[in-house]
Amino acid sequence: MTVSILLRLAWRQSLIRLLLFYAVAAGLGLWLGEVWWALGLATAVVAARAYWRLYRVLRFLDWRKQLRTVDGQGLWAALETLIHRRQTENRRRGRRLVQLLRAYRQAATAMPDGALVIGRRDGRLVWFNKTARHLLGLRYPQALGQPLSETFLAQPRVQAWLAAGETDEPLTDLASPADPMVRISLRLIPYSSSQWLVVVRDVTKLMRLEQVRRDFVANVSHELRTPLTVVHGYLDMIEPGEHPELATMVEEMRRQSQRMTQLVEDLLTLSRLEAQESLPEEPLAMAPMLVTLRREAEALSQGRHTVRVQDTAGCDLTGSTKELHSAFSNLVSNAIRYTPTGGSVLIRFEPVAGGGVRLAVQDTGYGIPEQHLPRITERFYRVSTSRSRESGGTGLGLSIVKHVLSLHQARLELESEVGRGSTFACVFGPARVRMRGPAGNPGADEGPDVVS
Ligand code: ADP
């Protein structure tokens with residue numbers, strides 16, 4: 001029976017029964033000659049019954065017991081029936097939820113990856129599965145409710161990564177506290193406003209393969225270095241004037257051997273960067289760096305481009321001078337190489353919102369079609385292989401830039417439009433910014449906007 005029909009019937013029955021009851025009471029009163037007494041008594045009986053039913057309902061609700069199914073009629077019976085129905089529904093829903101929760105927990109427990117739920121505000125462990133227990137050496141149930149500072153996740157590297165919060169980048173290649181031979185990676189999933197889900201993955205095999213690949217590339221590059229130096233040396237000894245018939249061939253051989261040497265050097269640089277977890281933290285004076293970059297650009301351009309430098313940041317950086325110079329030079333050299341004669345290159349060192357700075361290299365060159373942008377920093381990825389080769393490129397420059405920046409917790413930003421030019425920018429966080437000392441500012445006498 002639907003609720004509205006049930007209520008309508010209950011009202012009608014209650015009213016009829018009440019009227020009948022009062023009619024009988026009035027009849028009895030008339031017969032006894034005490035009508036008012038009889039009606040008063042009837043009212044007292046009605047009130048007492050109402051209080052008794054109300055007390056029954058409240059007592060059941062208070063004890064959280066389920067009301068028995070009621071067979072009676074009238075309003076009170078309808079009320080009890082409704083409460084009974086709601087209680088039964090709620091219980092069924094509760095049971096279903098518990099079953100679902102159990103199924104989810106079982107699925108999460110059976111996952112081959114470790115999973116941890118961490119409270120965002122207090123950093124306490126709320127839940128973790130069996131794999132997380134093994135991979136992170138957590139003890140169950142002691143670790144539950146513990147702050148992270150008392151677990152493996154207290155490591156400064158993990159803490160900094162967690163503090164960065166909503167990052168998509170996983171934290172890779174950490175040694176498992178349970179077994180240092182096991183390498184793990186962590187991925188942070190902000191799945192609710194109050195909790196984080198951390199997925200822990202065993203990446204030992206992947207890391208081993210990666211190591212084999214790195215060693216292979218490093219060894220091959222290293223082995224190629226000596227024969228190349230020898231070939232290069234002998235080629236340099238050949239005087240083009242002595243054998244005019246061989247002049248073109250020797251020139252081409254020289255060019256190719258130089259290209260190979262550059263390739264080997266770039267591969268070795270990449271291997272070296274990949275093997276490093278951090279770089280020296282030195283003060284890097286940006287004013288002389290900008291002057292050097294401008295000189296390098298001019299030397300490469302040979303007067304074919306306009307080179308300008310703008311310094312509106314007025315600060316220095318902290319990091320590895322050698323590696324950052326190599327990254328900036330790569331961007332400047334690309335800007336010159338991929339900009340036709342008559343174009344211009346602007347090197348800007350400027351502040352960004354949030355206290356960081358960026359070094360942007362803007363050119364008016366060929367530009368890069370949009371579909372290539374996501375892959376542009378991959379090794380050997382070139383938009384135009386012939387253009388890259390002609391200009392002496394190895395296809396490794398931007399990979400080196402990306403690695404250097406990631407070792408400085410910085411990122412590469414790229415904007416480009418075909419036919420209009422590109423802007424490659426290295427964006428550094430506030431932690432990398434240093435106040436510029438008065439002595440270390442040789443570029444300042446040239447003003448903030450330096451045009452050459
Ligand atoms: P390469 O040694 O070939 O220049 P990079 O890794 O430095 O290798 O660059 C990868 C590719 O990105 C280049 O081959 C080129 O196609 C493209 N590229 C890089 N910088 C620029 C730029 N400033 N303008 C246009 N294309 C660029």
Side-chain angles (χ1 to χ4, degrees), residues 214 217 221 224 228 255-274 290 293-294 296-302 304-310 322-350 358-408 410-427:
R214 275 205 295 261
V217 174
S221 313
L224 281 174
L228 268 173
R255 266 192 337 117
Q256 293 299 339
S257 83
Q258 257 160 10
R259 221 170 77 74
M260 271 179 79
T261 310
Q262 189 55 51
L263 201 65
V264 166
E265 290 305 325
D266 280 0
L267 279 172
L268 283 171
T269 306
L270 259 179
S271 301
R272 188 171 43 76
L273 288 171
E274 277 178 338
L290 291 172
L293 290 176
R294 196 188 66 214
E296 285 173 0
E298 284 166 352
L300 204 62
S301 161
Q302 300 279 322
R304 291 177 294 123
H305 308 88
T306 314
V307 180
R308 289 193 303 143
V309 176
Q310 256 179 24
K322 181 175 155 227
E323 307 301 354
L324 284 175
H325 179 203
S326 132
F328 299 157
S329 287
N330 255 309
L331 296 184
V332 169
S333 126
N334 279 354
I336 296 286
R337 290 190 295 120
Y338 298 110
T339 301
T341 305
S344 64
V345 171
L346 171 62
I347 304 166
R348 289 197 314 260
F349 186 49
E350 57 196 9
R358 64 180 219 150
L359 184 116
V361 182
Q362 185 178 350
D363 63 53
T364 55
Y366 305 115
I368 303 166
E370 207 182 334
Q371 71 269 23
H372 294 287
L373 295 181
R375 299 191 57 194
I376 202 80
T377 53
E378 285 175 20
R379 285 150 205 242
F380 297 113
Y381 192 88
R382 291 142 160 150
V383 177
S384 154
T385 314
S386 57
R387 197 178 276 162
S388 160
R389 288 214 177 113
E390 269 165 33
S391 61
T394 58
L396 295 171
L398 290 181
S399 291
I400 294 176
V401 173
K402 198 176 150 200
H403 266 84
V404 171
L405 292 186
S406 107
L407 284 168
H408 287 88
R411 63 178 195 280
L412 182 67
E413 278 182 359
L414 167 53
E415 282 166 36
S416 189
E417 207 179 315
V418 176
R420 303 200 65 154
S422 318
T423 304
F424 285 79
C426 310
V427 187

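Computation of the quantities below employed the complete heavy-atom set of this structure, encompassing side-chain atoms and omitting hydrogens, waters and symmetry-equivalent molecules. Numbering of ligands and ligand atoms starts at 1, following listing order.
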Drop me the distance from R308's CZ to R348's CZ, to the nearest 0.5 angstrom.
9.0 Å
Could you tell me whether E415 atom CD has more than 12 heavy atoms of other residues or ligands within 6.0 Å of it?
no
Can you confirm whether E370 is buried at CD, in the sense that more than 12 heavy atoms of other residues, nucleotides or ligands lie under 6.0 Å from that atom?
no
Could you grab the distance from atom CD of E265 to atom CD of Q258, nearest 0.5 Å is fine?
12.5 Å
Could you walk me through whether L268 and R272 pass the side-chain contact (heavy atoms from CB on, under 4.5 Å) check?
CA-CA 6 Å; L268 283 171; R272 188 171 43 76; over 6 Å; no
So if I apply the side-chain contact (heavy atoms from CB on, under 4.5 Å) rule between V332 and each of V307, V361, D363, L359, which one comes out positive?
V361
Is ligand 1 less than 4.0 angstrom away from at least one heavy atom of S422?
yes
Take every heavy atom of Y381, measure it against each atom of ligand 1, and state whether any distance is under 4.0 Å.
yes
Among non-hydrogen protein atoms, atom 16 (O) of ligand 1 lies closest to V383 N, 3.1 Å
Looking at atom 26 (N) of ligand 1, what's its closest protein heavy atom, distance included?
I368 CG1, 3.4 Å
Around atom 8 (O) of ligand 1, find the nearest protein heavy atom and jot down its residue, atom name and distance.
G395 CA, 3.2 Å
Protein contact of atom 19 (C) of ligand 1 - nearest heavy atom, named by residue and atom, plus distance
N334 ND2, 3.5 Å
Out of curiosity, is R379 lining ligand 1, as in a heavy atom under 4.0 Å away?
no
CG-CE distance between L224 and M260, expressed to the nearest 0.5 angstrom
5.5 Å
Tell me, which protein residue and heavy-atom name are nearest atom 3 (O) of ligand 1, and how many Å apart are they?
S388 OG, 2.5 Å
Which protein heavy atom lies closest to atom 12 (O) of ligand 1, and at what distance to 0.1 Å?
I376 CD1, 3.3 Å
How far is atom 5 (P) of ligand 1 from its nearest protein heavy atom, and which residue and atom is that?
L398 N, 3.6 Å
Distance-only polar pair, side chains of S344 and T306, donor-acceptor under 3.5 Å:
no
Within the structure, is a non-hydrogen atom of D363 found at a distance of less than 4.0 Å from ligand 1?
yes
Looking only at protein heavy atoms, identify the closest one to atom 21 (C) of ligand 1 and say how far it is in Å.
Y338 CD1, 3.5 Å
Quick one: which ligand 1 atoms are inside 4.0 Å of a heavy atom on G393?
1 (P), 2 (O)
State, with a plain yes or no, whether a side-chain heavy atom of E323 is found less than 4.5 Å away from one of L407.
no
Side chain, backbone, both or neither: R337 near ligand 1, heavy atoms under 4.0 Å
side chain
